[in-house]
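Below: one structure, written as structure tokens.
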Number of protein chains: 2
Amino acid sequence: MSLGQSPTPTECGACDARHIGLCDALSNENLESLAHVAQRIFVPAGKAFIEEDSKASHFYNLSRGNVSIFKSLADGRRQITGFIGAGHFLGHADSGNYRFSAEAITDVRLCRFDRAALANEFIKFPDLKSRLLEIVTHEMLSAQEQMLLLGRKTALERVASFLSSWAKQSGACQTQNSDQTILLIELPMSRGDIADYLGLTTETVSRSLSQLKRNGLIDFHNARNVTLLDAFRASNSPHIDLAQQLARA
Amino acid sequence: MSLGQSPTPTECGACDARHIGLCDALSNENLESLAHVAQRIFVPAGKAFIEEDSKASHFYNLSRGNVSIFKSLADGRRQITGFIGAGHFLGHADSGNYRFSAEAITDVRLCRFDRAALANEFIKFPDLKSRLLEIVTHEMLSAQEQMLLLGRKTALERVASFLSSWAKQSGACQTQNSDQTILLIELPMSRGDIADYLGLTTETVSRSLSQLKRNGLIDFHNARNVTLLDAFRASNSPHIDLAQQLARA
DNA sequence: CGGGACTTTGAGCTTTCTCAACGATGGTGG
DNA sequence: CCACCATCGTTGAGAAAGCTCAAAGTCCCG
């Protein structure tokens, strides 16, 4: 696979992101125009590729792997504001500089667009701009959801909400066990990353997961692979108070 | 002033919002086209005018007063995700329904746009859509800033950050005292609203404000009018750790 | 098979919350 | 115009959730 070069039509066709995110707004022929201003980039796990406050020179479309978006305070406290998966777009800025950092969680492949060149594409293809507006609107509303979590939910509720939303976002695999329907989810990020996303400490995340397991809502033998059991989905329904149910258990 | 009707050119010209937000993207003549699909609405203090999960039928442009945007949990816990002032735009949705509620803090005047009609204006005036993209992008990035506050800052830091950002957002008045430059800010919202915005309780907000006052960073004799003193700006600079400084004091 | 990083668990502590009382403020009706 | 009442804000004391520090367990990966 070519790296540092524009993706070929074949590559675009094979990209995990072809039918989500920004690229989905374009026909195959128009996609080629977009591809001309893109470069394929590889970022190894653990490496940052956007630094907060640096010049906002590019947009990125993630074609494979997972990325965390975060902000930091001077003393090192860190808040992850989102986990991004294949097909998703990042690099929004409202001034000349990025207002967040981004780091590869797993090995990552992405398409990098020069900002000015992409602006031209937006003029050529108004649908692209509409799509971007939809994307940003969705991100903004999700951010409000996360504020509710950070400001008002208990540790247990945060962890449960996270599992539930990650299951959706990552397209968890649903399988039929002997006696129940379970949802297998894979967590590419560490407990520390989850903690930084949920405004907790690693220890509290670990304890909350253990409690969910003790109470028969989830199961795991390995930190990165969790299964959501029937009871989890039931307790996560809006009609039931998770904390209350667990207090009873 | 006409209510429930489209604003006249004179009214638009006199509107506090004319040169901010969405309307600023249009010339006077194009503004008239936009005005045709708008209705002037009055909402008294304390009244909600957007209900979470209700049909997303309108956009709103606030011309006077202040509004809070919030989300609630079933048991009544509430998270205010933003305070909106004159000139600002609200009503974004990524599905058929609103994902937040909105309530007037003070008496409020706003322009209400039918969603479908506004979509037509977006087609007629592409600049309008670009402007909306800028607005939403800014909101999304501000939301990330707030996540950092909610997830990682102490109560004292949250209150200080809030005062500082509200001073900017509301255009606080700066005056020269005998010995220092002070910033007068007016808080239209209650302590309870501030608490719901910062993920704290009323009591903790009150205690934090009292502590900032005891330490000579702010002053107030009246709950709704606060002045930021020199020491506040100094301690709020990125180079100084607020908590550390107050521990010393 | 060994070492480093990650995860889990435990014990004690800190911050913030809860509950309660008191004080201030603003609006209303006598 | 004043007194009263309701609401809002402040302060205090005790409780609780989550954090810190510490140690033991687990999992990769070489």
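Letters A, B, ... mirror the listed sequences (proteins, then strands); counts begin at 1.
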Exercise for the section: Please work out which of the three classes, parallel, tilted or perpendicular, describes the rings of B/Phe100 and B/Tyr98, given edges at 30° and 60°. Expected result: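 B/Tyr98 and B/Phe100: tilted rings.
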Evaluate the side-chain proximity of [Y] to [X]: yes if any heavy-atom separation is below 4.5 Å, no if none is.
X	Y	value
A/Lys213	A/Asp219	yes
A/Leu198	A/Gln146	yes
A/Arg40	A/Glu11	yes

In whole Å, what is the span from the [atom1] atom of [X] to the [atom2] atom of [N]?
X	N	atom1	atom2	result
A/Leu212	C/dT8	CG	P	12 Å
B/Leu198	C/dC17	CG	C1'	15 Å
A/Asn222	C/dC6	CG	C1'	12 Å
B/Gln211	C/dT15	CD	C1'	12 Å

Handout entry: Heavy-atom closest pair, residues B/Phe70 and B/Glu52
Key = O-OE1, 4.4 Å
Handout entry: Test item: A/Gln79 side-chain N/O and A/Tyr197 main-chain N/O as donor-acceptor pair under 3.5 Å
Key = yes
Exercise for the section: Classify every nucleotide of nucleotides 8-20 of chain D by which part a protein heavy atom approaches to under 4.0 Å, writing B for the base, S for the sugar-phosphate alone and - for neither, in 5'-to-3' order. Expected result: -SBBBB----SSB
